[in-house]
Amino acid sequence: MDIHPSADIATSALIDRTFPKGVHIGARAVIGEQAVVLTHDIAARVWLHTYIGEGATLGARAIVLPGLKVGNGAVVLPGSVVIQDVPAGATVRGNPGKLVASQDGGI
């Protein structure tokens with residue numbers, strides 16, 4: 001696993017250990033209570049690298065699917081399911097996760 005020492009990961013968060021080389025969590029990232037970061041899908045037989053950028057936040061019970069990138073400073077609101085890459089500075093909510101704000105202030 002590639003987890004920066006300044007990352008704040010809740011003890012109840014689930015970081016996929018099936019493909020630990022695929023976990024990449026940047027500096028100052030925050031992973032909330034019961035949030036899930038996946039790197040594999042056994043049904044599809046894939047093992048992929050998943051990235052959580054510097055200063056990104058995953059809210060409680062948020063889920064990031066395998067092979068995706070959550071950009072630097074992005075926010076995934078609680079309970080959201082990330083099904084595609086999240087741009088740096090963006091905010092995502094819902095299931096499936098939809099962009100609700102971007103770094104440039106647009107929606």
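Along the sequence shown, the residues carry numbers beginning at 1. This is a predicted model, so every value here is computed, not measured.
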Visitor: Taking the side chain as everything from C-beta on, heavy atoms only, tell me whether E54 gets closer than 4.5 Å to R28.
Guide: yes

Visitor: Among D8, D2, I15, T50, which residue satisfies the side chain to side chain contact (heavy atoms under 4.5 Å, CB included) criterion with I25?
Guide: I15

Visitor: Using every non-hydrogen atom in the two residues, find where S80 and G94 come nearest and quote the distance to one decimal.
Guide: OG-N, 3.0 Å

Visitor: Could you tell me the separation between the NZ atom of K69 and the NE2 atom of H24, rounded to the nearest 0.5 Å?
Guide: 9.5 Å

Visitor: Is it the case that one hydrophobic cluster holds both V36 and L65, taking links as side-chain heavy atoms less than 4.5 Å apart, direct or via other members?
Guide: yes

Visitor: Taking all non-hydrogen atoms of both residues, which atom of P87 and which atom of A74 are closest, and how far apart?
Guide: O-CB, 3.6 Å

Visitor: Taking only residues at least two apart or on different chains, which pairs with a member in residues 60-96 satisfy ring pair (Phe, Tyr, Trp, His ring centres under 6.0 Å)?
Guide: none

Visitor: With rounding to the nearest 0.5 angstrom, report the CD to CG distance, E33 to L14.
Guide: 10.5 Å

Visitor: Taking atom OG1 of T11 and atom CD of Q34, what is their separation to the nearest 0.5 Å?
Guide: 9.5 Å

Visitor: In a check of side chain to side chain contact (heavy atoms under 4.5 Å, CB included) between L58 and each of V37, V92, V30, which one passes?
Guide: V37

Visitor: Would V76 end up clustered with L38 when hydrophobic side chains under 4.5 Å apart are linked, directly or stepwise?
Guide: yes

Visitor: Are I9 and I3 close enough, and set up right, to give a side-chain contact (heavy atoms from CB on, under 4.5 Å), and what steps lead you there?
Guide: CA-CA 10 Å; I9 302 173; I3 300 174; 3.8 Å; yes

Visitor: Distance from S12 atom OG to R61 atom CZ, nearest 0.5 Å?
Guide: 8.5 Å

Visitor: Filter on ring pair (Phe, Tyr, Trp, His ring centres under 6.0 Å), then keep only pairs touching residues 56-87, sequence neighbours left out; what's left?
Guide: none

Visitor: Over all heavy atoms of both residues, which pair between A13 and G32 is shortest? Give the atoms and the distance, please.
Guide: CB-O, 3.7 Å

Visitor: Rounded to the nearest 0.5 Å, what's the gap from NE2 on H49 to OG1 on T39? Could you check?
Guide: 9.0 Å

Visitor: Check G53 against A29 and note the closest heavy-atom contact, atom names and distance.
Guide: O-CB, 3.7 Å

Visitor: Drop me the distance from I52's CD1 to H4's NE2, to the nearest 0.5 angstrom.
Guide: 15.0 Å

Visitor: Hey, does the side chain of D85 reach the backbone of L68 with a donor-acceptor pair shorter than 3.5 angstrom?
Guide: no

Visitor: If hydrophobic clusters are built by linking Ile, Leu, Val, Met, Phe, Trp and Tyr wherever their side-chain heavy atoms come under 4.5 Å apart, do V86 and I63 end up in the same one?
Guide: yes

Visitor: Indicate yes or no: at least one non-hydrogen side-chain atom of V81 is less than 4.5 angstrom from one of I83.
Guide: yes

Visitor: Could you list the cluster mates of W47? Members are the ILVMFWY residues connected by side-chain heavy atoms closer than 4.5 Å, either directly or through other members.
Guide: F19, I42

Visitor: Look at the side-chain heavy atoms of Ile, Leu, Val, Met, Phe, Trp and Tyr, link any pair under 4.5 Å apart, and say whether V70 and Y51 land in one connected group.
Guide: no

Visitor: With a 4.5 Å cut-off on side-chain heavy-atom distances among I, L, V, M, F, W and Y, is there a chain of contacts connecting V46 to V82?
Guide: no

